[in-house]
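Fair warning: this is a prediction, and the values are worked out from it, not measured in the lab.
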Amino acid sequence: MRSHMKARSRLVLTGVAVVAAIGLLAGCTGGGADEESVVDQGTTDEENAASGDTVVIGFSGPAADHGWLGAINSGAIAAADSFGDVELKVAEGTNDPIAQIAAVETFINEGVDAIVLLPTDGAALTEIAIEAMEAGIPVINVDREFSSPFAARTTVLGDNYGMGVSAGHYICEQLGGEGFVAEIAGIDSLPLTQDRSQGFADALSDCGLEVDARVAADFTVAGGEAAASQLLAANPQIDAIWNHDDDQGIGVLAAIDAAGRDEFFMMGGAGSRSAMEAIEADDTVLKATVIYPSTQAADGIALARLLVQGKTMSDLITPSVPNRVVLDAPVVTKDNVEQFIDLSFE
């Protein structure tokens with residue numbers, strides 16, 4: 001069973017909610033329906049999770065050259081393995097749009113039931129995604145958006161702007177509206193970095209703070225160390241640092257140790273295992289991180305299964321999977337790290 005529905009809706013959920021919340025609400029609600037009648041039209045989580053017709057899903061993502069991308073790929077495979085009625089076909093990860101287009105063409109020719117696609121380049125993969133949709137194969141777009149709304153049935157996104165907002169709010173709370181704030185961004189040319197920085201600036205402005213010093217790195221350990229060394233040398237007194245990415249944060253912490261600086265606190269971004277372990281141990285300047293979920297492809301697998309089997313997500317009254325799912329960007333601290341550490345990436 002394939003669906004081409006183009007209804008537009010928006011839902012904000014945590015990463016694990018999509019995978020965990022698998023339930024079917026089979027009926028629509030009409031005007032004047034009371035609460036009891038709405039409940040009667042639904043079915044239980046157990047019924048929705050029960051094995052159905054086998055769903056063949058093609059999955060393609062970029063090369064796992066970053067811890068977060070590695071977790072994206074392993075999460076998709078683990079999600080498929082958790083369902084007894086899902087057969088997953090995995091294309092080799094690549095950063096070459098032409099190779100990824102070829103992988104999607106193969107999925108179309110094989111007649112898979114759905115495709116979960118984290119494009120190495122959203123614009124470059126748009127046309128082939130539209131071809132899949134026109135062939136009756138629903139496409140679930142993950143993380144990097146296509147350039148056309150007709151290229152995907154459902155889009156699963158992290159909230160880059162929300163990451164910046166969460167980071168800014170946390171720093172505002174810790175500083176009480178006063179202090180020198182520094183930012184170590186990722187690659188400045190990327191829209192995701194621009195969105196994170198904008199959200200950070202907007203949140204800081206709400207409490208009268210601003211970014212007093214800013215450098216950009218490149219999401220690598222070496223890049224993080226170089227950028228942090230530059231930042232520390234130019235600013236003898238800092239009260240808080242937000243580093244956009246926990247992988248480059250390893251280099252940032254190395255630079256901080258080398259400089260012998262500890263007058264500030266730092267928060268990270270994305271949610272790596274090493275960052276959460278440091279937060280849990282509470283023995284470095286790193287006191288918090290903000291999640292950019294590595295569960296997005298896993299969520300895409302779960303949603304693909306629901307779409308093909310004609311189901312929806314639990315607790316929703318509307319009997320269809322949302323068109324757009326934007327995942328939460330929660331702050332992880334020593335007080336709540338136990339809730340998130342199992343979702344961290346290496």
Considering non-hydrogen atoms only, spot the tightest contact between [X] and [Y] and give its length.
X	Y	result
Pro119	Asn141	CD-ND2, 3.5 Å
Thr155	Glu145	CG2-CG, 4.1 Å
Pro62	Asn95	CB-OD1, 3.4 Å
Val331	Ala288	CG1-CB, 4.1 Å
Gln194	Ser189	NE2-O, 3.4 Å

Option passing side chain to side chain contact (heavy atoms under 4.5 Å, CB included) with Ile256 (candidates Leu232, Thr284, Asp262):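 When side chain to side chain contact (heavy atoms under 4.5 Å, CB included) is applied between Ile256 and each of Leu232, Thr284, Asp262, only Leu232 qualifies.
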
Enter the distance from [X]:[atom1] to [Y]:[atom2] here, rounded to the nearest 0.5 Å.
X	Y	atom1	atom2	answer
Gln248	Thr220	CD	OG1	7.0 Å
Ser274	Ile250	OG	CD1	4.0 Å
Met276	Asp246	CE	CG	7.5 Å
Thr154	Leu303	OG1	CG	6.0 Å
Leu69	Ser294	CG	OG	10.0 Å

For [X], all residues meeting side-chain contact (heavy atoms from CB on, under 4.5 Å), sequence neighbours excluded:
X	result
Leu190	Ile187, Leu192, Thr193, Phe219
Glu131	Ile108, Glu127, Ile128
Ser205	none

Tabulate below the donor-acceptor pairs under 3.5 Å that side-chain atoms of residues 339-346 make, not counting sequence neighbours, or state none.
residue: Ser344; atom: OG; partner: Arg273; partner atom: NE; Å: 3.1
residue: Ser344; atom: OG; partner: Ile341; partner atom: O; Å: 2.6

Check whether any side-chain heavy atom of [X] sits under 4.5 Å from a side-chain heavy atom of [Y], and report yes or no.
X	Y	answer
Asp299	Val325	no
Lys287	Gln174	no
His169	Cys207	no
Asp96	Gln100	no

So, Ser320 versus Thr318: side-chain donor-acceptor pair below 3.5 Å or not?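 Note: Ser320 and Thr318 side chains miss the donor-acceptor criterion.
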
Classify the side-chain pair Thr126/Ser148 by whether it contains a donor and acceptor separated by less than 3.5 Å. no

Quick check: are there more than 12 heavy atoms from other residues, nucleotides or ligands sitting under 6.0 Å from [atom1] of [X]?
X	atom1	value
Glu92	CD	no
Asp53	CG	no
Glu338	CD	no

I'd like to check the salt bridge (Lys or Arg N to Asp or Glu O under 4.0 Å) partners of Arg261; sequence neighbours left out, ordered by chain and number.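 In terms of salt bridge (Lys or Arg N to Asp or Glu O under 4.0 Å), with neighbours along the sequence ignored, Arg261 is linked to Glu263.
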
State which residues pass salt bridge (Lys or Arg N to Asp or Glu O under 4.0 Å) with Glu225; sequence neighbours excluded, sorted by chain then number. none

Between Arg305 and Asp85, is the closest basic N to carboxylate O distance under 4.0 Å?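 Yes.
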
Would you call the rings of Trp242 and Phe200 parallel, tilted or perpendicular, taking 30° and 60° as the class edges?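 Rings of Trp242 and Phe200: tilted, as their planes differ by 30° to 60°.
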
Examine Arg196 relative to Tyr292 and say whether NZ or CZ is less than 6.0 Å from the centre of the six-membered ring and inside a 45° cone about the ring axis. yes

Do you reckon Met267 sits in the same ILVMFWY cluster as Ile238, going by side-chain contacts under 4.5 Å, direct or chained? no

Steps toward salt bridge (Lys or Arg N to Asp or Glu O under 4.0 Å) verdict (Lys89, Asp113): CA-CA 11 Å; Lys89 294 179 177 290; Asp113 296 308; over 6 Å; no

Keeping the roles fixed (side chain from Ser166, backbone from Met163), state whether a donor-acceptor pair exists under 3.5 Å.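 Side chain of Ser166 to backbone of Met163, a donor-acceptor pair under 3.5 Å: no, none is there.
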
